[in-house]
Amino acid sequence: MADKPIVGEKRAFMTGNEAVTWAALAAGAHIMYGYPITPQNEIMHYWTRMAPKYDRGFLQTEDELSAGFTCIGGVLAGKRAFTGTAGPGTILMQEPLSMAEMMRIPMVTVICQRGGPSTATVIYSQQETRLTCFGGNGEGYRLVYSTAGQQDLFDYTIKAFNVAWKYRFPTFILSDGYQSKMREPLTIYDPEERGIKMVETEPLLGGTGIPGVDRDPRHLRNTYNMEDELYQVVMDMDQEYKRIAPEVVEYKAMETEDAELVLVAHGIVSRATEGAVRVLREQGYRVGHFRPITLRPFPGEALKEAVAKARRVLVVESSMGQLAGMVKEELYDLSVPVTGYFRPGEGITAEEVVEQVRGR
Amino acid sequence: MATLPQPPMPVVWRSETKPHKFCPGCGHPLVLKALGESIEELGIQDKTVFGCDIGCSLLAWDFFNLDTVQAHHGRVTPVIVGLHRANPRLVGIAYMGDGGGYAIGSQHLVNAATRNEKIMVLLVNNTLYAMTGGQMAPTTLPKQKTETSPYGREPETTGKPTLGPEMIRAIAPDSAYVARGTVSRLPQLKRFIKKGLENVVSGKGFAFIEALSLCPTNWRTNAEETWKFLEQDMHGYFPVGELAPEKGEE
Amino acid sequence: MGQNFKLAMAGEGGQGVQSVAMILTEGAYDSGREAIYIPNFGVEQRGGVSIAFVQIGSKPIEAPKFKTADMVVALSDRAVLRTGMYVGPETVFIYDESTKATEEDLPRQAKKIIPIPAIAIAKEEFNPRVFNIIIMGAIIGLSQVLTEEQAREAIENKLGYKFEQKPELREMNFNALSRGINLVQGLL
């Protein structure tokens with residue numbers, strides 16, 4: 001048995017892709033499946049360097065379809081399996097992810113958003129938000145954590161393996177190229193020493209005993225013959241998703257109690273908007289901030305509370321309104337206007353958010 | 001009702017899900033019988049995971065007393081590859097049709113073969129897409145009429161039928177086992193399947209077996225014409241037998 | 001320093017821009033400051049202008065990139081042209097004298113434009129390879145973002161393994177650092 005990858009706690013100064021890798025190692029991820037695409041590559045680079053030291057597996061596949069489907073195979077074998085991708089890879093990955101959704105496969109996928117549509121840039125965006133939440137020919141029964149930096153990436157990658165295996169929905173870390181490539185400080189730790197117990201995994205196929213003799217065989221499918229059969233499957237899934245949603249949702253509200261304007265942002269952009277709120281408050285503006293940490297399920301009730309006194313909501317994001325669409329859906333029965341500051345494929349600074357607010 | 005004596009079913013067949021879901025005259029049950037008997041004889045029922053694809057192969061999703069997963073079209077190969085990579089103790093079988101293996105999933109088949117994955121791919125070739133209603137497949141024979149080649153397949157514009165085992169033999173390492181069998185010679189097909197399974201169980205290498213099969217429903221043939229199409233037309237184009245590695249390699 | 005210090009540094013591949021960014025931010029982090037560093041990266045693996053975006057300060061850093069830098073350092077002709085967009089009226093712009101930048105090319109909106117002969121000094125007094133350490137000296141000399149002592153420690157942490165084998169490299173790097181600091185004395 002190899003030693004633990006991390007003993008105790010350590011301060012570190014590293015990239016997001018490195019943080020994800022350390023977190024996956026610390027969480028006891030058994031195997032990664034991946035295909036090269038920028039800016040995800042370094043997760044594979046770090047993983048292939050460290051995995052053999054801790055008896056973990058890796059397979060470089062022929063494409064993202066295969067990375068997703070082999071990852072499903074790994075989960076079926078009962079392993080904490082994960083993959084990562086970006087951009088056009090996220091598109092291809094929707095096929096296996098749709099199967100994972102239907103079959104409640106607890107695979108963990110790290111999405112390192114880059115510019116879109118198409119090949120676009122390899123740099124950064126928040127344009128894979130909708131795809132990560134709702135990609136596939138279904139209803140979006142997925143658990144999606146949108147991270148805002150290296151500490152988040154470490155914490156939520158560990159958490160992703162646990163919620164995936166606890167609730168049995170495909171689980172996502174929604175990161176971006178900035179987080180992948182930038183270096184900043186964080187604390188890495190052994191989850192056990194923090195009192196985080198890793199949820200046990202179990203083989204979904206190929207468990208002990210002779211099927212049909214010692215036990216029933218496991219027959220897992222994603223195809224149904226009848227409309228009403230499928231309807232029941234989806235409705236059961238919907239019910240289960242709604243049941244667990246209150247346990248899963250996470251958000252961060254700041255200075256919203258008396259806010260006349262509430263800024264809403266997710267992921268790395270929320271750092272700029274939070275910074276803007278601090279500056280604007282100093283200047284006497286009654287501005288608050290709401291950051292959904294889980295985008296699926298979406299913290300709708302908390303958002304409604306946060307905007308209760310607001311006269312306007314301003315959604316700030318590096319895409320053309322993908323988050324704003326979710327916000328509007330949650331707030332449709334309120335009269336508060338939802339406006340947007342959208343910079344598709346471009347980073348957003350606190351200064352420009354301050355300017356936006358003051359300019360109005 | 002008087003019942004005729006029936007040949008015994010392999011123990012690996014799941015009686016609760018019989019009669020099976022395939023059309024009358026379909027070749028799948030014959031291939032699955034050969035597979036079931038092979039698994040039984042090798043005593044690997046407790047560690048075999050069966051994966052089926054989209055297309056008629058998916059109708060086998062509850063066929064066996066085996067842990068089974070049904071995947072998307074062409075994707076059963078990577079699912080079984082991923083499973084076996086995560087738990088090499090398991091014997092993984094990816095079961096698919098010619099459309100799944102040679103068209104939509106060809107990249108997975110090619111790469112599983114070149115990586116010498118220790119899984120067995122069992123591909124049933126009936127020269128067309130059967131479940132979707134009989135469209136042209138990579139394996140459709142020249143001049144053969146299908147729903148998307150209503151005047152007969154023209155190799156000029158649509159290519160020649162894919163020779164799968166020949167392709168896999170050319171790209172897979174010598175330790176891979178490659179063969180083409182036919183449902184008209186079941187004992188031979190079973191022998192190939194068994195050798196394929198032994199190749200993966202021993203950890204020697206990849207196994208790829210194509211089984212030439214029947215689809216009277218989409219061929220729109222009666223019994224006599226069905227067997228004639230298989231044994232004359234298909235056997236004529238797709239040579240049956242084991243494909244040994246070229247000498248001088250390794 | 002209340003406000004976070006924003007630095008954009010650009011040069012040709014091999015000029016050591018990213019190494020200096022790494023040494024600066026790790027040095028700042030080790031001395032208890034907030035620091036963030038992100039390289040530019042595009043589809044050109046090689047051949048593009050290499051840019052490092054660095055922020056160091058006392059407050060948590062918000063966005064990893066910024067529109068306007070407090071200091072821009074451009075080390076090649078292409079870098080001068082490429083980095084003009086990060087220069088505002090409060091920006092100090094530093095470039096190497098060896099570039100063929102004309103008056104037209106330089107960002108006139110800058111608060112101050114400072115040419116320094118780092119490449120020439122490295123060649124004449126040290127070794128061309130410590131050119132980036134002279135630049136680092138100039139950066140900390142002008143910005144006070146690290147003390148000379150902190151900068152030495154940061155260099156030691158990064159390059160110590162090389163110094164083990166060739167101790168004379170340590171002295172050369174430290175001297176290059178001092179030379180860079182002295183080069184910009186009194187220029188602001």
Side-chain angles (χ1 to χ4, degrees), chain A residues 11-17 36-42 86-87 112 114-115 119-124 148-151 175-186 265 267-279 282 289 316 318 343 346-355, chain C residues 2-4 6-9 17-46 48-70 85-86 88-91 153-154 157-158:
Chain A
R11 284 293 282 170
F13 188 73
M14 56 172 67
T15 65
N17 284 348
I37 190 163
T38 308
Q40 173 270 151
N41 297 313
E42 295 83 3
C112 306
R114 52 187 264 175
T119 314
T121 70
V122 300
I123 303 170
Y124 160 86
Q150 312 325 41
Q151 193 64 57
S175 176
D176 58 63
Y178 281 176
Q179 295 180 70
S180 284
K181 298 275 189 176
M182 73 188 192
R183 284 174 195 275
E184 71 172 356
L186 77 157
I268 193 111
V269 175
S270 67
R271 287 165 54 153
T273 41
E274 280 181 8
V277 168
R278 280 189 286 269
V279 172
E282 275 170 27
H289 188 266
V316 182
S318 295
R343 308 290 298 181
E346 205 177 52
I348 295 173
T349 64
E351 291 79 5
E352 64 185 299
V353 176
V354 169
E355 266 173 46
Chain C
Q3 281 295 326
N4 291 333
K6 299 184 179 74
L7 167 72
M9 197 177 2
V17 163
Q18 306 299 341
S19 318
V20 170
M22 189 89 120
I23 295 170
L24 275 176
T25 42
E26 286 195 357
Y29 162 66
D30 287 337
S31 62
R33 317 275 287 287
E34 297 287 344
I36 199 168
Y37 149 53
I38 186 167
N40 76 309
F41 53 99
V43 284
E44 303 154 321
Q45 275 280 332
R46 301 280 181 273
V49 175
S50 172
I51 310 178
F53 298 90
V54 169
Q55 296 180 73
I56 294 170
S58 50
K59 294 195 298 181
I61 289 151
E62 289 142 1
K65 279 194 188 171
F66 42 79
K67 306 277 188 235
T68 309
D70 298 311
M85 62 194 286
Y86 305 113
E90 296 301 317
T91 309
E153 262 177 54
N157 286 341
K158 200 77 202 160

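Here is the naming used below: chain letters follow the sequence lines, and residue numbers restart at 1 for every chain.
- With a 4.5 Å cut-off on non-hydrogen atoms, A:Arg11 touches chain C through its backbone and its side chain both.
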query = Could you go step by step and tell me if C:Lys65 and A:Ile123 meet the side-chain contact (heavy atoms from CB on, under 4.5 Å) rule?
reply = CA-CA 12 Å; C:Lys65 279 194 188 171; A:Ile123 303 170; 3.9 Å; yes
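- Just one residue in the list A:Glu184, A:Arg271, A:Met182, A:Lys181 forms a side-chain contact (heavy atoms from CB on, under 4.5 Å) with C:Pro64, and that residue is A:Met182.
- Neither the backbone nor the side chain of A:Thr121 comes within less than 4.5 Å of any heavy atom in chain C.
- For chain C, no part of A:Gln150 is nearby; none of its heavy atoms comes within less than 4.5 Å.
- The greatest number of non-hydrogen atom pairs below 4.5 Å with chain C, out of A:Gly347, A:Ser270, A:Pro185, is found for A:Pro185.
- Neither the backbone nor the side chain of A:Ala120 comes within contact range of chain C; no heavy atoms are under 4.5 Å apart.
- Across all non-hydrogen atoms, the minimal contact from A:Ala12 to C:Tyr29 is N-OH, 3.4 Å.
- Between C:Ala63 and A:Ala272, the shortest heavy-atom contact is CB-CB, 4.5 Å.
- For the pair C:Lys67 and A:Glu355, the salt-bridge criterion is not met [side-chain N within less than 4.0 Å of a carboxylate O].
- Both the backbone and the side chain of C:Tyr37 come within contact range of chain A, each with at least one heavy atom under 4.5 Å from a heavy atom of that chain.
- Proximity to chain C is absent for every atom of A:Gln179, based on heavy atoms less than 4.5 angstrom apart.
- Put simply, CD1 on C:Ile38 and OH on A:Tyr178 are 6.5 Å apart, with the number rounded to the nearest 0.5 Å.
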